[in-house]
Amino acid sequence: MTITDPTTTTTSALDAARAELRGRLLADGVLIDLGSPGLYGRTGVFERVYTAVDAAAVRSQADLDAEVLRFPPVEPLAAFERTDYIASFPDLAASISGFTGDDRTHRALLAARERGERWETFLEPADLMLTPAVCHPVYGLIGDTVPEGGRAFDIVGDSFRREPSLDPMRLQAFHMHEFVHVGTPESAKAHRDGRIPGMRALLESFGLAIDVVPANDPFFGRVGQILARNQVEQSLKYEFVSPVYGPDHDPTAISSANLHEDHFGTAFGLRTADGEVAHSACLAFGLERITIALFAAHGTDPDRWTSDVRAALAL
């Protein structure tokens with residue numbers, strides 16, 4: 001959803017707060033406006049804090065001894081299909097297209113471009129999707145059977161969700177650092193539940209006010225409303241929220257702890273050592289959201305942050 005343009009007369013107080021933060025981040029040289037809502041370049045000061053946040057997240061999960069995996073920002077269409085993401089979030093998905101035509105088609109494309117028409121219609125689907133969730137590729141690499149004790153993965157990468165917004169906390173292109181466990185129903189739940197207190201303590205050590213609340217993903221359509229309600233009722237998702245825009249507005253999610261149950265185990269044919277369908281769970285640190293929350297809370301000059309915050313981030 002695109003929020004109200006802050007230059008219009010219908011601007012709400014929340015929109016004004018979002019516009020103020022966005023303007024400050026741009027004016028102070030933290031972000032660079034790339035001309036499309038939710039897409040920004042990042043300067044050295046942003047990268048300094050972003051890198052520190054990521055490193056702190058890794059240190060906090062070091063005892064997992066997780067397998068480190070890194071994936072490109074695109075995934076094969078066939079793998080994307082197995083996740084069933086398009087059924088739940090069609091409005092957020094985006095595919096890659098490329099030109100496969102001949103000279104005649106190229107001339108038609110150039111003519112359409114010259115007339116100011118949309119030339120993208122001359123491109124063909126490339127069987128690639130922009131990755132909406134960084135953990136997607138891992139499930140197809142595990143094999144048929146998960147060993148006893150399960151497997152843990154350290155995954156970070158690019159995510160893209162087609163959700164243009166002027167809210168600087170809602171980006172179209174962003175990064176998640178996820179710590180995924182695949183195993184039994186009990187081990188997956190223990191991974192999710194057992195690490196919530198530590199995640200909260202870490203984020204609070206950054207000087208952020210944090211609450212942990214049940215939440216749901218933005219499922220699409222009428223059926224999605226039922227899925228969202230079930231997700232909350234079954235406590236499958238918790239979000240770590242912070243009042244980025246002040247106490248008068250709803251807090252913003254900056255990380256999450258998610259229980260997938262057997263969704264990916266069923267989709268990818270994953271079994272535990274005793275032959276049951278594998279379950280999975282993940283801890284997800286929203287790296288840009290945490291970083292921007294820090295700038296919102298402490299100002300845009302990290303050298304002027306309090307010593308305890310800088311110590312927590314090893315800045």
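Since this is a predicted model, take the numbers as computed values, not measurements.
A distance of 11.5 Å separates CG of Asp33 from CG of Leu25, quoted to the nearest 0.5 Å. The CG atom of Asp217 sits 6.5 Å away from the CG atom of Asn258 when rounded to the nearest 0.5 Å. Note that the CG atom of Leu69 and the CG atom of Leu141 stand 7.0 Å from one another [nearest 0.5 Å].
Looking only at atom types and distance, the side chain of Gln172 has no donor-acceptor partner in the side chain of Arg161 under 3.5 Å away. Using a 3.5 Å distance cut-off with no hydrogens or angles, the side chains of Asp154 and His177 do pair a donor with an acceptor. A side-chain N or O of Asp102 and one of Thr105 form a donor-acceptor pair less than 3.5 Å apart. Judged by distance alone, the side chains of His279 and Glu261 never bring a donor and an acceptor atom under 3.5 Å apart.
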Legend entry - Phe219/Phe89 under ring pair (Phe, Tyr, Trp, His ring centres under 6.0 Å): CA gap, chis, key distance, verdict: CA-CA 6 Å; Phe219 296 101; Phe89 314 105; 5.1 Å; yes
Inset, instruction - Evaluate the salt bridge (charged side-chain N to carboxylate O under 4.0 Å, His left out) criterion for residues Asp193 and Lys189: first the C-alpha distance (whole Å), next the side-chain angles of each, then the deciding distance (0.1 Å), finally the verdict. - result: CA-CA 6 Å; Asp193 294 350; Lys189 192 172 189 301; 2.5 Å; yes
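Here the options are Arg22, Arg18, Arg289, the test is salt bridge (charged side-chain N to carboxylate O under 4.0 Å, His left out), and the partner is Asp167; only Arg18 passes.
Judged by the 6.0 Å distance and 45° axis criteria, Arg42 is positioned over the aromatic ring of Tyr50.
Note on ring orientation: taking the six-membered ring where Trp is involved, the planes of Phe268 and Tyr139 are tilted (angle from 30° to 60°). The aromatic rings of Phe295 and Phe46 sit tilted, their planes meeting at an angle between 30° and 60°.
Tyr238 has its side chain within reach of Arg192: a pair of non-hydrogen atoms, C-beta onward, lies under 4.5 Å apart. Residues Leu313 and Val53 have side chains in contact (heavy-atom distance under 4.5 Å, counting atoms from C-beta outward). Looking at His181 and Ser280, their side chains never come closer than 4.5 Å, going by heavy atoms from C-beta outward. Between Ile226 and Gln231, the closest side-chain pair of non-hydrogen atoms is not below 4.5 Å. The side-chain heavy atoms of Phe264 and His136, taken from C-beta on, include a pair separated by under 4.5 Å. Proximity of Phe285 to Ser60: side-chain heavy atoms (C-beta onward) are separated by under 4.5 Å at one or more points. Side-chain atoms of His175 and Glu288, non-hydrogen and from C-beta on, do get closer than 4.5 Å to each other. Thr272 has its side chain out of reach of Thr145: every pair of non-hydrogen atoms, C-beta onward, lies at least 4.5 Å apart.
The shortest heavy-atom contact between Ile196 and Val212 is CG2-CG1, 4.0 Å. The shortest non-hydrogen separation linking Leu64 to Ala152 is O-CB, 4.3 Å. Nearest heavy atom pair, residue Arg48 against residue Pro302, reads NH1-CB, 4.0 Å. Closest heavy-atom contact between Gly143 and Leu270: O-CD2, 3.0 Å. What you find for Pro243 and Pro251 is that their closest heavy atoms are N-CB, 3.9 Å. The nearest pair of heavy atoms linking Ala314 to Arg59 is CB-NH2, 4.0 Å.
Under a 4.0 Å N-O distance rule, the pair Arg170/Glu163 qualifies as a salt bridge. Asp158 and Arg70 are not joined by a salt bridge, as no carboxylate oxygen comes within less than 4.0 angstrom of a charged side-chain nitrogen.
Qualifying salt bridge (Lys or Arg N to Asp or Glu O under 4.0 Å) partners for Arg222, counting only residues two or more places apart in sequence or in other chains: none.
Remark: side-chain polar atoms of Ser12 are paired, donor with acceptor, to backbone N or O of Asp15 under 3.5 angstrom.
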